[in-house]
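Along the sequence shown, residues are numbered consecutively beginning with 1.
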Amino acid sequence: MIGINIRGSQSAFSQIEIIAYYHNKKKKKKELPNNEAVQAILKQLDPKGDFDITKVTRRERKRQPQPPFTTSTMQQEANRKLNFRTRKTMMAAQQLYEGINIGKEGSQGLITYMRTDSTRISVIAKHEASKFLHEEYGEEYAATKPIKGKLPEGAQDAHEAIRPTSVFRTPASLKKYLTRDQFRLYQMVWSRFLASQMTPAIMDTMAVTIEQNNVIFKANGSKMKFDGFLKVYGDTKEKDNLLPDLETGDVVSLVKNNPDQHFTQPPARYSEATLIKALEEKGVGRPSTYSPTIDTIQRRYYVKEVGRRFEPTELGEIVNKIIVEYFPDVVNIDFTANLEGKLDQVEEGKENWIKLVDTFYKPFSDEVESATKNMEKVQIKDEPAGFNCDICGAPMVIKMGRYGKFNACSRFPDCRNTKPIVKEIGVICPKCHEGQVIERKSRKNRIFYGCSRFPDCDFVSWDKPIGRDCPKDGHFLVEKRVKGGTQVVCPNGDYEEPAQK
């Protein structure tokens with residue numbers, strides 16, 4: 001990455017810093033494999049020399065709205081934007097569908113059926129949306145041919161997309177009748193549907209090619225020309241990234257080079273949103289089963305959520321290993337997806353259901369019989385906790401329970417003493433200066449930090465204390481999660497350190 005100052009002949013754009021990225025001679029963005037390759041490129045550059053603008057391309061780009069919600073896309077978007085669990089999303093959607101008392105109109109269903117795999121919209125709803133857009137925003141915002149979503153392979157299309165039953169029931173007009181969760185979900189559904197019936201957003205883009213000694217860099221800029229559907233369903237993706245009014249032949253100079261190294265990362269673990277997307281793409285399950293599936297694997301403690309991502313538990317890994325060994329067909333994605341397709345053919349009268357069930361049941365029955373005979377009883381070995389029971393003196397062990405691991409007496413059931421597992425973070429309590437700060441969990445499974453001397457000391461903090469005091473007011477400093485990393489800040493808001501990745 002290279003930051004450069006403009007110093008062309010026009011003083012109007014002098015000393016404006018823009019960022020450009022290295023491209024190879026084929027003018028494609030290129031990742032350099034190691035530091036040696038980076039240094040070889042930098043040696044070709046003269047930091048004090050001129051960089052030439054060799055090409056300036058101006059274009060107009062359209063960004064199309066997305067189709068209305070299906071069950072899958074609604075669950076994914078609610079997880080990303082509202083931080084809703086899948087179960088919470090479906091519960092709020094069910095309430096909006098069944099009906100809410102909205103005053104003079106009585107109890108009204110506010111959205112259409114929320115278990116659907118279709119993006120189809122009724123003609124009446126399209127006309128109503130067009131009328132609303134003309135009245136509220138003007139004809140330039142109403143699309144003459146709204147976008148049509150592609151129906152996924154195997155979709156049943158039994159119900160239309162999730163949309164408000166009347167677009168004239170705006171979120172603002174219903175806010176006083178809805179709970180906070182209902183309102184936020186309704187606002188998202190209403191905005192997404194209305195946006196799908198609107199014109200695209202238009203951006204003016206500018207691509208600049210910068211060269212010195214046959215080393216090529218590129219900078220890109222954009223500016224909103226017409227907001228279109230983003231007026232209703234806007235997000236943070238489209239921000240103006242203005243470049244100065246450059247022309248071919250202009251000259252720029254180097255401010256600094258920033259040879260960042262980015263190492264290949266393993267694929268990210270599934271979040272609720274990405275797991276739902278994967279289930280849909282692989283044809284596993286139906287809109288009605290996504291939420292129960294995700295709820296089940298968490299309730300049975302096969303996975304735990306760490307930083308909004310699922311991690312397999314010890315129990316989950318053991319169960320998975322056994323199922324893969326004894327029931328390979330059941331956990332085969334292609335087998336599951338093909339079975340879904342066969343069931344669809346049964347519904348359409350193209351497949352005999354008795355033969356289908358028979359072809360599945362016979363091999364499955366053999367696998368069950370084999371597993372019953374050969375599968376050993378699985379026991380998770382107890383780990384020593386490292387201290388003795390304060391009631392009977394026997395060693396304490398770490399056991400696996402419904403809500404995770406805990407300390408228990410090894411003489412159970414004769415001694416039923418249990419203790420939660422306490423995780424110290426190596427910081428003295430900033431309030432009493434005697435106890436240790438330990439990691440705890442709230443009733444909603446959210447991590448917070450408290451003093452080990454509770455209830456004698458009532459220190460609590462949602463953010464992790466780091467053991468240092470603020471240089472400005474003496475308050476203890478904490479580590480907060482920010483986009484892309486963590487940042488040390490003072491809770492009073494008068495001090496912060498640069499964010500760390």
Side-chain angles (χ1 to χ4, degrees), residues 59-82 84 89 93 96 110-114 116-153 155 157 159-174 183-205 220 222-241 273-274 276-277 280-281 287:
R59 287 198 177 106
E60 186 179 271
R61 179 171 67 87
K62 290 184 178 181
R63 181 181 167 191
Q64 298 288 348
Q66 294 175 300
F69 283 130
T70 61
T71 304
S72 167
T73 54
M74 179 181 70
Q75 291 172 343
Q76 292 175 54
E77 196 78 344
N79 184 258
R80 279 193 294 260
K81 284 192 170 182
L82 309 180
F84 279 11
T89 300
L96 294 170
L110 300 180
I111 64 171
T112 54
Y113 192 57
M114 65 285 165
T116 177
D117 50 18
S118 175
T119 56
R120 175 175 50 83
I121 292 294
S122 70
V123 174
I124 294 174
K126 290 179 182 177
H127 287 167
E128 188 181 60
S130 179
K131 182 180 178 183
F132 180 87
L133 288 168
H134 277 82
E135 291 177 1
E136 297 293 326
Y137 299 105
E139 63 177 349
E140 67 273 20
Y141 285 93
T144 53
K145 291 184 179 180
I147 189 170
K148 290 183 180 180
K150 186 179 179 182
L151 200 64
E153 186 177 346
D157 196 27
H159 304 278
E160 62 176 305
I162 303 170
R163 62 169 178 83
T165 50
S166 173
V167 77
F168 284 96
R169 293 194 186 108
T170 63
S173 69
L174 297 178
F183 171 75
R184 294 176 73 197
L185 186 65
Y186 181 78
Q187 186 178 45
M188 194 178 75
V189 170
W190 183 90
S191 302
R192 173 78 165 234
F193 165 68
L194 193 64
S196 73
Q197 306 301 301
M198 296 175 71
T199 48
I202 301 174
M203 314 289 293
D204 280 333
T205 65
N220 294 295
S222 63
K223 182 181 179 181
M224 184 79 72
K225 186 176 182 180
F226 175 66
D227 53 3
F229 77 94
L230 292 174
K231 192 173 187 73
V232 170
Y233 199 67
D235 55 28
T236 57
K237 290 182 181 178
E238 294 291 0
K239 290 183 178 179
D240 286 348
N241 176 28
T274 56
I276 292 168
K277 186 178 181 181
E280 183 181 37
E281 288 176 346

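- For the atom pair CD (Gln75) and NZ (Lys277), the distance works out to 14.5 Å, reported to the nearest 0.5 Å.
- At a threshold of 4.5 Å between non-hydrogen side-chain atoms, the residues Leu230 and Met224 count as touching.
- Annotation for Ala93 and Leu185: closest pair N-CD2, 3.5 Å, computed over non-hydrogen atoms.
- Looking at Arg163 and Ser122, their side chains come closer than 4.5 Å, going by heavy atoms from C-beta outward.
- At least one donor-acceptor pair under 3.5 Å links the side chain of Glu128 to the backbone N or O of Val167.
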**Request:** Run the numbers on Ser72 and Gln76 for side chain to side chain donor-acceptor pair (under 3.5 Å), then give the verdict.
**Result:** CA-CA 6 Å; Ser72 167; Gln76 292 175 54; 2.7 Å; yes

**Item:** Derivation and outcome, ring-ring contact (aromatic ring centres under 6.0 Å, His included), residues Tyr141 and Phe132
**Value:** CA-CA 10 Å; Tyr141 285 93; Phe132 180 87; over 10 Å; no

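- If you take CD on Glu136 and CZ on Phe168, they are separated by 7.5 Å, rounding to the nearest 0.5 Å.
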**Message:** Let's go through Trp190 and Val232 carefully: what are the C-alpha distance in whole Å and the side-chain angles of both, what is the deciding distance for side chain to side chain contact (heavy atoms under 4.5 Å, CB included) to 0.1 Å, and is it a yes or a no?
**Reply:** CA-CA 9 Å; Trp190 183 90; Val232 170; 4.3 Å; yes

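- Side-chain contact between His159 and Thr112: absent, with no pair of heavy atoms (C-beta onward) separated by less than 4.5 Å.
- In this structure, Asp117 CG and Thr73 OG1 are separated by 10.5 Å, a value rounded to the nearest 0.5 Å.
- The structure places CD1 of Ile121 at 5.0 Å from CZ of Phe193, a figure rounded to the nearest 0.5 Å.
- Tyr233 has its side chain out of reach of Met198: every pair of non-hydrogen atoms, C-beta onward, lies at least 4.5 Å apart.
- To the nearest 0.5 Å, atoms NE2 (His134) and NZ (Lys131) are separated by 12.0 Å.
- For the pair Tyr186/Ile111, a side-chain contact is recorded, criterion being any heavy-atom separation below 4.5 Å from C-beta on.
- Once rounded to the nearest 0.5 Å, the distance linking CE of Met74 with CG of Asn79 reads 12.0 Å.
- Side-chain contact between Gln66 and Phe229 is absent, with no heavy atoms from C-beta onward closer than 4.5 Å.
- Taking 4.5 Å as the limit, some side-chain heavy atom of Val189 sits within range of a side-chain heavy atom of Pro164.
- Side chains of Leu133 and Leu194 form a contact here, defined as non-hydrogen atoms less than 4.5 Å apart.
- For the residue pair Ala161 and Pro68, the shortest heavy atom distance occurs at CB-CB, 3.7 Å.
- With salt bridges taken as basic N to acidic carboxylate O contacts below 4.0 Å, one links Glu77 and Arg80.
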